[in-house]
Protein chains: 2
Amino acid sequence: MDVRSQILVEAIRLFAAQGFQGTSVQEIADAVGIRKPSLLYHFPSKEALRQCALDEILSRWNDVLPNLLLIATRDQRFDKVMEALTDFFLEDPDRARVVMREMLDRPEDMQRRIITFVRPWIDVIADQLEKAKAKGTVQGDVDTHAYAISVVNMVVAGVAVIDNLGAALPGDAGAKPARERYVRELVRIARRSLYQPVS
Amino acid sequence: MDVRSQILVEAIRLFAAQGFQGTSVQEIADAVGIRKPSLLYHFPSKEALRQCALDEILSRWNDVLPNLLLIATRDQRFDKVMEALTDFFLEDPDRARVVMREMLDRPEDMQRRIITFVRPWIDVIADQLEKAKAKGTVQGDVDTHAYAISVVNMVVAGVAVIDNLGAALPGDAGAKPARERYVRELVRIARRSLYQPVS
DNA sequence: CCTACCGATCGGTAGG
DNA sequence: CCTACCGATCGGTAGG
């Protein structure tokens, strides 16, 4: 792996754990094993490093997005879409943490990214849900746009703090790992609040 | 209002917007209109200020909690409990932002607070839900603990970034404010994923 | 509650 | 990719 990629990996890890302001360029350089000015040769400023770290995460999301939209458009396989969404963030929870932090730290910046980046595919999914609503598969009072965004936000926020939430569960020693319980329940909540009961 | 309270108000506002590391003691002192050493007379360190800011939020939560548990225990009025929960954070979204930031910045610290502070009343609510499950009012496959925690997390995270999420909605000019749409949909999701359909 | 001041660390640059 | 160094700001203290 080249130095630039190593820098991005360590930056995302540290930004996720300590935040952007809570992480110094020195710390990232130490983690990579180079000197601070060497890092600033690859990224002209700490701010540039922030943008690149976020782009890195969003571009990986773009890798899974086409496949996800294909599934959603073709046969509305809800479980598959939710699985792709949860898998993406569970694969590296730091992604969820960085995204949550950016939404808190830079709301205007993140709103811009959301408009150009998230809204298009939210619109596609909402369209599908509207069709399903007309057919009667989906419950009539679902606010399809607000629903889709809320579910995405629930997954991102849930994964970002998933290990914290474990502390709120009763500590059954032999029980299923807390992570799995939460993810399963999140998916259940999203599904059950969407579809018309089959009865 | 005394100086100490003013400091806490400004600290919570700035911590919510910029984070703890992103806010300097100088900034808070400026916002209050005093010098930095004067602030450090009231709070011995920035770290002490953080703890007090969080205690302030949690103690306000303790004001509404007994009433909330009474409602939940007496007649399981789900909508009233959800209303108390959403109202508390919507009343000042900075509360939600500070809590989310603390969960990200200080996971071990926050886990401790969750165990002593959140878990007891989550247990009470989960107990109520188990009884309702036995009666058949609540759906059989609900993981009551994971459900209660997930709903709380959904509300906290949703309110924390509620203005960001507006950017993902189509911009119907005359439409209902984005905030209200989101809150309404969050409550619908929570309710519908819990109860057995009346059919 | 203030003025004056501390060492440490910050992001970033010069120059090679 | 390094050494050497910059001004600015950080949290905090002394002393009144």
Side-chain angles (χ1 to χ4, degrees), chain A residues 1-57 94 97-98 101-110, chain B residues 1-57 94 97-98 101-110:
Chain A
M1 193 163 52
D2 63 334
V3 188
R4 204 188 139 87
S5 303
Q6 282 183 56
I7 294 172
L8 279 176
V9 166
E10 299 299 335
I12 290 174
R13 189 176 60 82
L14 287 164
F15 289 164
Q18 310 176 342
F20 178 74
Q21 306 259 20
T23 304
S24 65
V25 176
Q26 185 71 64
E27 273 181 290
I28 302 169
D30 287 349
V32 176
I34 58 175
R35 306 289 173 182
K36 188 174 59 165
S38 310
L39 189 154
L40 289 166
Y41 162 78
H42 292 284
F43 298 90
S45 71
K46 193 189 180 188
E47 182 56 34
L49 184 51
R50 157 189 240 151
Q51 302 291 345
C52 290
L54 202 54
D55 286 343
E56 168 74 16
I57 292 171
D94 283 346
R97 296 185 189 114
V98 169
R101 283 186 183 280
E102 283 294 311
M103 288 205 287
L104 293 165
D105 287 346
R106 296 275 190 114
E108 6 30 78
D109 239 60
M110 209 57 188
Chain B
M1 193 164 52
D2 64 334
V3 189
R4 204 188 138 88
S5 303
Q6 281 183 56
I7 294 172
L8 278 176
V9 166
E10 298 300 334
I12 289 174
R13 189 176 59 82
L14 288 165
F15 289 164
Q18 310 175 342
F20 178 75
Q21 306 260 18
T23 303
S24 65
V25 176
Q26 184 70 66
E27 273 181 290
I28 302 169
D30 287 349
V32 176
I34 59 176
R35 306 290 174 182
K36 189 175 58 169
S38 310
L39 190 154
L40 289 165
Y41 162 76
H42 293 283
F43 297 90
S45 71
K46 193 188 179 187
E47 181 57 33
L49 184 51
R50 157 189 239 150
Q51 302 291 346
C52 289
L54 202 55
D55 286 343
E56 169 73 15
I57 292 171
D94 283 347
R97 296 187 189 112
V98 169
R101 283 186 182 281
E102 283 293 312
M103 288 205 286
L104 293 166
D105 286 346
R106 297 274 188 113
E108 9 25 83
D109 239 60
M110 209 58 189

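In what follows, chains are A, B, ... by sequence order, proteins preceding strands, each numbered from 1. Reckoned from all heavy atoms, side chains included, excluding hydrogens, waters and symmetry mates.
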Over 12 non-hydrogen atoms of neighbours within 6.0 angstrom of CZ in B/Arg35
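No, CZ of B/Arg35 has 12 or fewer neighbouring heavy atoms, counting only those of other groups under 6.0 Å.
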Under 3.5 Å: donor-acceptor pair, side chain of [X], backbone of [Y]:
X       : Y       : answer
B/Lys46 : B/Leu40 : no
A/Glu27 : A/Ser24 : yes
B/Thr23 : B/Gly19 : yes

CE-CD1 distance between A/Met1 and A/Ile7, expressed to the nearest 0.5 angstrom:
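Answer for the CE-CD1 pair, A/Met1 versus A/Ile7, is 10.5 Å.
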To the closest 0.5 Å, what do you measure between CZ (A/Phe43) and CD1 (A/Ile28)?
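Answer rounded to 0.5 Å: 9.5 Å.
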For the residue pair A/Glu10 / A/Gln6, report whether a side-chain donor-acceptor contact shorter than 3.5 Å exists.
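No, no side-chain donor-acceptor contact under 3.5 Å.
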Do B/Asp30 and B/Gln26 pair up side chain to side chain, a donor and an acceptor below 3.5 Å, judged on atom types alone?
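Yes, a side-chain donor-acceptor pair sits under 3.5 Å.
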Using a strict threshold of under 4.0 Å (side-chain N to carboxylate O), is an ion pair present between B/Asp94 and B/Arg101?
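Not counted as a salt bridge, because no side-chain N and carboxylate O are separated by less than 4.0 Å.
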May I ask you to decide whether A/Glu47 forms a salt bridge with A/Arg106, counting only side-chain N to carboxylate O separations under 4.0 Å?
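A salt bridge is present here (some side-chain N lies under 4.0 Å from a carboxylate O).
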Proximity to DNA chain D (any heavy atom under 4.0 Å), residues of residues 20-35 of chain A only
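Under 4.0 Å from DNA chain D: A/Ile34, A/Arg35.
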Span of DNA chain D, from the first to the last nucleotide whose atoms fall under 4.0 Å of chain B heavy atoms
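Under 4.0 Å from chain B, the extent on DNA chain D is D/dC10 to D/dT13.
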Let me know, please, whether B/Ile7 or B/Lys36 comes out on the 5' side of the other along DNA chain C by nearest nucleotide.
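Result: B/Ile7.
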Please work out the stems of DNA chain D from pairs that are Watson-Crick or G-U wobble with both distances under 3.5 Å, keeping only runs of three or more consecutive pairs.
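Stems (3+ consecutive pairs) listed as C:1-16 with D:1-16.
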